[in-house]
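Read through the structure below, which is laid out as structure tokens, and then see the notes.
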Amino acid sequence: MAKLSVSIGNLQLKNPVLTASGTFGYGIEFADFINLNDLGGFIVKGTTLQPRQGNDYPRMVETPSGMLNCVGLQNKGANYFCQSIYPQLKDLNTNVIVNVSGSSPEDYAECAARIAELDNIPAIELNISCPNVHDGGMAFGVTCSGAASVVKAVRKVYPKTLIVKLSPNVTDIAEIARAVEAEGADSVSLINTLMGMAIDIERRKPILSIKTGGLSGPAVKPVAVRMVYQVAQAVKIPIIGLGGITTAADAIEFLQAGATAVEIGTANFIDPAVTIKVIQGIDQWLNEHNIPDVNGIIGAAL
Amino acid sequence: MKQILNLILVHISHPSDNHALMVLKSEEKLPEILPGQFVEVRVDNSPTTLLRRPISINYVDKVNNEIWLLVHAVGEGTKRLCSLKEGALVNCILPLGRGFTLPECGEKVLLIGGGVGTAPLLYLGELARSIGAYPKFLLGGKTSADVLQKEDFRRIGELYITTEDGSEGEKGFVTNHSVLSAGEFSRIYTCGPKPMMMAVARYAKEKAIFCEASLENMMACGLGACLCCVEKTSEGNLCVCTEGPVFNINKLMWD
């Protein structure tokens with residue numbers, strides 16, 4: 001067996017496979033199918049300071065090799081997470097990471113500070129890139145100053161590992177990555193969903209309730225690999241790559257593009273045990289290629 | 001406990017041009033399945049179909065360790081499922097969702113279905129009868145050909161039919177059927193097109209009859225992880241896949 005452990009800042013992962021926020025619930029939903037402790041970690045659904053109802057139905061539509069969603073950060077808020085979910089997760093032997101969202105830099109910071117109090121949550125992922133909410137989300141992630149303002153506010157109150165999830169819906173993702181690195185982010189994760197639309201041609205109307213949504217799934221993978229490759233040349237902090245990963249080969253592609261770890265998202269919907277298969281597949285590939293340590297292939301294609 | 005199983009398609013028939021009845025056998029003992037629960041079926045060899053398809057469990061044959069799925073071919077994924085041949089392996093996640101509340105012994109219950117929404121009512125009726133309740137079925141369709149599995153339903157309880165063109169049973173919609181005027185039912189269960197279920201819900205509310213409806217919202221994961229399939233309820237947006245698909249009508253914000 002190859003060495004699979006990697007580091008993201010102070011965060012030690014037993015293997016480079018995480019799950020993407022919004023596709024894995026609170027993890028508990030997948031406990032019938034996999035041992036959560038076998039993951040490098042998992043990122044729970046987007047959490048905001050106050051509860052959010054999310055957008056109206058319809059919230060999803062299948063597209064060629066992908067899907068659009070406009071869930072809109074439905075969640076029961078930070079207090080609910082702390083009081084009802086955290087007790088169920090705190091004794092797991094893996095990294096439980098909370099994805100944090102907000103409507104203003106202060107809002108993000110207050111939510112992050114609340115999560116910081118939880119001893120066994122070693123990191124947060126800041127979502128400045130959700131395309132499905134009007135107040136906050138991607139609004140911060142599409143400009144360097146907006147992204148920097150959120151990271152700056154959160155960094156003041158959040159001392160643990162800070163991952164910032166970047167939007168692909170920008171002209172130059174590398175400059176956004178540099179901006180958040182400058183404000184003290186420990187890592188960047190990319191990409192969030194690509195903004196898209198689908199139309200019901202019989203009704204002659206967009207299908208989703210808010211007309212547009214975020215595209216995920218295998219369709220976005222080449223875009224995500226390209227962006228990881230670009231950002232890997234722009235920043236020194238470790239990158240977590242995601243976007244359309246369904247197999248170990250996909251994950252290895254991201255690692256070779258410069259990612260230190262990967263997140264698996266939409267594929268969890270099709271195979272709830274896909275994460276374990278990817279971990280085993282990475283190990284098998286390394287063994288077949290006589291590579292003793294997964295760190296040996298990170299950035300190999302750069 | 002939810003499981004991912006490769007089931008063997010031991011029999012497939014086509015009760016209409018655009019429906020298939022699939023009989024799927026498990027080599028492992030099937031988990032306990034409640035009426036109203038569903039499976040997420042993976043669609044293989046279909047490049048344009050990424051997500052699994054949620055399909056109601058039509059019937060559970062515990063003796064043979066088989067489940068029946070009645071599939072309506074409406075899109076690329078369901079068309080692909082309907083074209084499978086006997087012997088195929090069908091990858092399913094099951095059992096999913098919250099099922100119907102079973103009636104008590106001696107209760108008279110009415111099961112109202114339309115289109116492929118009749119599917120979960122067969123197993124519900126069977127279990128209701130097995131615990132000593134008296135199930136009757138009221139099924140509707142555009143034409144006689146749209147009302148499927150009539151003989152299977154008749155084996156369990158009395159069957160009433162409405163068709164919009166009057167080709168079988170009473171002409172009109174299910175909510176106009178004369179069996180409703182008898183008013184002898186203590187529970188109503190419904191599954192089918194939303195306008196039909198909304199009309200049934202209005203009737204049940206007026207008569208103060210316990211009523212549950214099974215919803216068919218579009219979903220992705222089926223596990224409560226993606227929050228795509230939500231329905232507005234008096235408790236906020238709830239997932240049809242985990243907090244449904246069966247809801248008490250008093251909880252639904254249909255008014």
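Letters go in sequence order (proteins before strands), and every chain restarts at 1.
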Exercise for review: Walk me through it: do B:Leu227 and A:Asn69 pass the test side chain to side chain contact (heavy atoms under 4.5 Å, CB included)?
Suggested key: CA-CA 10 Å; B:Leu227 309 186; A:Asn69 89 81; over 6 Å; no
Below 4.5 Å from any heavy atom of chain B, which atoms of [X] appear? Answer side chain, backbone, both or neither.
X: A:Pro51; result: neither
X: A:Thr23; result: backbone
X: A:Thr246; result: neither
X: A:Tyr26; result: neither

[atom2] on [Y] to [atom1] on [X], rounded to 0.5 Å:
X: B:Cys228; Y: A:Tyr57; atom1: SG; atom2: OH; value: 9.5 Å
X: A:Phe269; Y: B:Met219; atom1: CZ; atom2: CE; value: 12.5 Å
X: B:Leu223; Y: A:Asn268; atom1: CG; atom2: CG; value: 9.0 Å
X: B:Leu238; Y: A:Gln74; atom1: CG; atom2: CD; value: 8.0 Å
X: A:Asp271; Y: B:Ile4; atom1: CG; atom2: CD1; value: 5.0 Å
X: B:Cys226; Y: A:Phe24; atom1: SG; atom2: CZ; value: 13.5 Å

Relative to chain A, which segment of [X] carries a heavy atom at a distance below 4.5 Å: side chain, backbone, both, or neither?
X: B:Asn91; answer: neither
X: B:Thr49; answer: both
X: B:Gln3; answer: backbone

Review point. Of all heavy-atom pairs between A:Ser65 and B:Leu50, which one has the smallest distance, and what is that distance?
Key: C-CD2, 4.0 Å
Exercise for review: Heavy atoms only: give me the nearest B:Gly224-A:Lys45 pair and the separation to one decimal.
Suggested key: O-NZ, 4.3 Å
Check your understanding: Is the number of heavy atoms from other residues, nucleotides or ligands within 6.0 Å of NZ (B:Lys194) greater than 12?
Key -> yes
Practice item. Assess whether atom CG of B:Asn45 is packed by more than 12 heavy atoms of other residues, nucleotides or ligands within 6.0 Å. Key: no
Exercise for review: Check whether any side-chain N or O of A:Asp32 sits under 3.5 Å from a backbone N or O of B:Met1 as a donor-acceptor pair, and report yes or no.
Suggested key: no
Practice item. Decide side chain to side chain contact (heavy atoms under 4.5 Å, CB included) for B:Asn217 and A:Met60; before the verdict, give the C-alpha distance in whole Å, the side-chain angles of both, and the deciding distance to 0.1 Å. Key: CA-CA 10 Å; B:Asn217 290 10; A:Met60 62 84 56; over 6 Å; no
Check your understanding: Do you know which of A:Gly66, A:Gly217, A:Gly265 has the most heavy-atom pairs under 4.5 Å to chain B?
Key -> A:Gly66
Practice item. Evaluate the criterion side chain to side chain contact (heavy atoms under 4.5 Å, CB included) for residue pair B:Thr242 and A:Glu29; output intermediate values, then yes/no. Key: CA-CA 10 Å; B:Thr242 50; A:Glu29 295 86 343; over 6 Å; no
Review point. When only pairs under 4.5 Å are counted, which of B:Arg53, B:Glu231, B:Glu40 shares the most heavy-atom pairs with chain A?
Key: B:Arg53
Practice item. State plainly whether the residues B:Lys232 and A:Asp56 are in salt-bridge range, i.e. N to O under 4.0 Å. Key: yes
Point to revise | B:Arg52 with A:Glu62: basic N within carboxylate O range, under 4.0 Å | key: no
